[in-house]
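As the structure is a prediction and not an experimental result, all values here were calculated from the model. Atoms within a ligand are numbered from 1 in the order they appear, just like the ligands themselves.
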Amino acid sequence: MEDGLAEGRRRVLVKLSGEALAAPDGYWLHAQTLATLADDLARTAATGVELAIVIGGGNIIRGARMSQAGWIDRPTADSMGMLATVMNSLALETALNAAGVDARTMSAVSMPTICETYARQPALHHLDQGQVVLIAGGTGNPFFTTDTAAVLRAAELRCHAVLKATQVDGVYSADPKLDPTATRYDRLTHDEAITRDLKVMDTAAFALARENRLTVIIGSIHAPSSVQAILSGHSPSTTVAP
Ligand code: UDP
């Protein structure tokens with residue numbers, strides 16, 4: 001089927017949107033959803049893949065949207081968004097620990113009484129020790145998204161790929177919900193992803209991936225054992241690579 005993760009390439013940053021933790025009825029956090037996700041990640045880690053994880057905060061707050069209402073400025077709303085990613089990371093850390101995985105949250109926004117502060121060398125050390133590292137707080141700066149944070153951390157932690165596990169099983173030529181003739185791309189270059197203005201990831205994230213020649217794999221979080229299946233090439237996906 002698709003490429004998945006090539007043999008011998010074993011450190012992956014998984015980017016999950018905050019919505020991946022939500023209940024089917026939309027409630028922001030759902031224990032069973034977390035347990036299912038943690039089980040998938042545990043199975044993936046058991047295959048020898050070293051995992052760094054970045055979770056968004058969109059199930060709670062997206063700063064750009066919140067600030068549009070006019071009563072709060074963008075940097076403050078973004079700060080709240082970054083805090084939301086810490087809550088999500090702590091929830092997934094708990095679910096991973098319950099699934100028998102040694103996981104720890106590191107936050108780019110320093111809050112030492114709650115979790116470790118993100119720094120590159122300790123994060124590399126934890127990954128080398130086989131721990132799953134949840135990287136919270138985005139980039140630590142407003143006006144960015146956790147997609148950009150994911151690519152940034154993947155580049156500095158020497159990850160072989162970013163897996164963006166999302167609502168769709170890859171990148172399509174048109175919106176498959178509106179256009180039945182839409183086809184899924186198996187592969188795209190970074191240039192193609194940027195010039196076609198694909199909405200699946202923001203341009204800043206794709207540009208950073210291009211600069212670092214970093215592979216981005218896009219697949220669906222809704223498939224059974226999504227992460228494991230996409231990385232092993234058993235689930236459809238789109239690979240964006242040089
Ligand atoms: N955010 C930020 N800087 C970052 C990453 C995130 O300010 O480096 C804020 C921003 O407000 C964003 C929110 O955190 O909307 C949640 O992240 P994101 O929208 O990427 O979450 P997702 O859509 O992946 O759930």
Side-chain angles (χ1 to χ4, degrees), residues 12-24 26-30 33-34 37 41 51-93 95 105-111 114-115 117-120 123 133-157 159 162-168 171 198-209 211-212 214 216-222 226-227 230 240:
V12 179
L13 190 142
V14 177
K15 163 68 213 300
L16 300 162
S17 77
E19 281 156 0
L21 311 186
Y27 186 70
W28 72 282
L29 206 57
H30 185 235
T33 302
L34 277 165
L37 187 56
L41 293 165
L51 287 174
I53 300 173
V54 167
I55 314 176
N59 55 330
I60 306 170
I61 288 171
R62 287 200 177 93
R65 193 181 306 156
M66 193 181 190
S67 60
Q68 273 168 11
W71 64 274
I72 189 166
D73 64 12
R74 175 78 187 268
T76 306
D78 279 343
S79 295
M80 292 165 72
M82 288 186 270
L83 292 172
T85 72
V86 180
M87 292 200 277
N88 284 336
S89 297
L90 293 173
L92 187 56
E93 178 193 296
T105 298
M106 302 181 85
S107 171
V109 180
S110 186
M111 46 181 88
I114 292 179
C115 61
T117 302
Y118 174 80
R120 178 171 175 261
V133 180
L134 295 131
I135 305 170
T139 63
N141 298 290
F143 301 105
F144 287 96
T145 66
T146 50
D147 281 354
T148 305
V151 175
L152 170 68
R153 300 309 178 206
E156 64 179 358
L157 296 176
C159 293
V162 173
L163 166 57
K164 172 148 176 159
T166 184
Q167 305 297 321
V168 282
V171 179
L198 303 174
K199 301 295 176 214
V200 70
M201 207 155 152
D202 53 71
T203 307
F206 273 133
L208 193 59
E211 200 177 317
N212 291 284
L214 192 59
V216 179
I217 304 169
I218 295 137
S220 169
I221 192 70
H222 299 297
S226 323
V227 173
I230 297 165
V240 181

**Report entry** For Ser220 against Gln167, the heavy-atom pair lying closest together
**Finding:** OG-O, 4.2 Å
Query raised in the report: Would you call Val151 and Met201 a side-chain contact if the rule is heavy atoms closer than 4.5 Å?
Result: yes
Query raised in the report: Of Thr105, Leu21, Leu16, Ile53, which is the lone residue that meets side chain to side chain contact (heavy atoms under 4.5 Å, CB included) with Ser89?
Result: Thr105
Report summary line: For Leu134 and Ile55, the nearest pair of non-hydrogen atoms, with its separation, is CD2-CD1, 4.1 Å
Requested in this report: Taking all non-hydrogen atoms of both residues into account, name the closest pair between Val86 and Cys115 and its distance.
Outcome: CG1-SG, 4.5 Å
Query - For ligand 1, the residues whose heavy atoms come within less than 4.0 Å (ordered by chain, then number) - result: Lys15, Ser17, Gly18, Gly56, Gly57, Gly58, Ile61, Arg62, Gly63, Asp78, Gly81, Met82, Gly138, Thr139, Asn141, Pro142, Phe144, Thr145, Thr146
Query raised in the report: Do you know the tightest heavy-atom contact between Asn88 and Gly56?
Result: ND2-O, 2.8 Å
